[in-house]
Amino acid sequence: MNKLQLSPPLSRSAYLIRYWLPPVLYAALIFFLSSLPGKNYFFAFSSADKLLHLVEYAGLGYLIARAFGYNFPGRKSLLIRSFAACFLYGLSDEFHQWCVPYRVVSVMDMLANVTGSFLGIGIYIKQRKVL
């Protein structure tokens, strides 16, 4: 296969397993971590939790962009769809934390989630050189 040809299309099940299973499992990990009571955390510095939110949502943003990138190769469409999915998941995660003992809903956590999502999506776009 020369470099200009695209890969052969995947079956629906192969596509779902290869592209959507990783972000779903990663989102489940975020949900699990968000379910842990906040009282037991020890952070080396005061904003360490924001850094953790940024890093975990960068991973989610990358995986979501990868999943959407298979069917939506254009940069604008990929960015909008990926960001919307990450934003909605981050919002649901913050509301989920509202029900967990010693955890709070935080605008700053949401900002870290959004920033991390953009970072992960941007890394994917840059890595794949999406047009």
Side-chain angles (χ1 to χ4, degrees):
M1 188 178 303
N2 77 37
K3 290 183 180 181
L4 296 177
Q5 290 178 330
L6 298 174
S7 310
L10 295 173
S11 69
R12 180 162 174 81
S13 59
Y15 163 70
L16 291 173
I17 290 168
R18 182 182 285 177
Y19 289 96
W20 282 105
L21 185 60
V24 167
L25 292 175
Y26 193 82
L29 175 64
I30 291 173
F31 184 85
F32 169 75
L33 294 173
S34 294
S35 298
L36 300 174
K39 189 176 184 180
N40 300 328
Y41 292 124
F42 171 76
F43 295 113
F45 54 95
S46 65
S47 295
D49 67 315
K50 306 308 178 254
L51 181 60
L52 290 174
H53 277 263
L54 185 120
V55 169
E56 75 183 356
Y57 275 84
L60 183 65
Y62 182 89
L63 291 173
I64 292 287
R66 179 179 170 268
F68 277 127
Y70 184 80
N71 286 327
F72 302 100
R75 183 182 307 190
K76 185 176 180 181
S77 175
L78 177 61
L79 180 64
I80 290 169
R81 291 170 191 272
S82 300
F83 177 72
C86 290
F87 178 80
L88 291 174
Y89 187 77
L91 194 60
S92 71
D93 184 41
E94 287 303 310
F95 283 113
H96 165 246
Q97 288 182 37
W98 187 31
C99 302
V100 177
Y102 305 105
R103 300 293 293 263
V104 295
V105 176
S106 167
V107 173
M108 293 307 291
D109 284 352
M110 193 63 203
L111 183 61
N113 296 348
V114 166
T115 304
S117 296
F118 268 126
L119 181 65
I121 295 165
I123 289 170
Y124 176 79
I125 288 172
K126 183 75 171 168
Q127 175 191 0
R128 291 298 305 253
K129 297 180 180 141
V130 174
L131 302 173

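Computed from heavy atoms alone, side chains included, the values below leave out hydrogens, waters and symmetry copies.
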Taking a hydrophobic cluster as the set of Ile, Leu, Val, Met, Phe, Trp and Tyr residues connected by side-chain heavy atoms closer than 4.5 Å, whether directly or through intermediates, do [X] and [Y] fall within one such cluster?
X: W98; Y: I30; result: yes
X: L79; Y: L91; result: yes
X: F31; Y: L63; result: yes
X: L33; Y: V24; result: no
X: I80; Y: Y19; result: no

Pick from I125, I123, L119: which one makes a side chain to side chain contact (heavy atoms under 4.5 Å, CB included) with I121? I125
Which residue, Y57, F83, W20, forms the side chain to side chain contact (heavy atoms under 4.5 Å, CB included) with I64? W20
Identify the heavy atoms of [X] and [Y] that sit nearest to each other, and give their distance.
X: Y70; Y: P9; answer: OH-CA, 3.5 Å
X: P23; Y: A67; answer: CG-CB, 4.3 Å
X: I17; Y: L21; answer: O-CB, 3.2 Å
X: V100; Y: L36; answer: CG1-O, 3.7 Å
X: P37; Y: R103; answer: C-CD, 4.1 Å

Sub-4.5 Å side-chain heavy-atom contact between H96 and S35: yes
Considering only heavy atoms from C-beta outward, does the side chain of M108 approach that of L111 to under 4.5 Å? yes
Verify, without hydrogens or angle tests, whether [X] (side chain) and [Y] (backbone) share a donor-acceptor contact under 3.5 angstrom.
X: S92; Y: Y89; result: yes
X: R66; Y: Y124; result: no
X: E94; Y: S106; result: yes

What distance do [X] atom [atom1] and [Y] atom [atom2] have between them, rounded to the nearest 0.5 Å?
X: Y26; Y: L60; atom1: OH; atom2: CG; answer: 7.0 Å
X: R81; Y: C86; atom1: CZ; atom2: SG; answer: 14.0 Å
X: H53; Y: N113; atom1: NE2; atom2: CG; answer: 6.0 Å
X: S82; Y: F118; atom1: OG; atom2: CZ; answer: 10.0 Å
X: R18; Y: S11; atom1: CZ; atom2: OG; answer: 9.5 Å

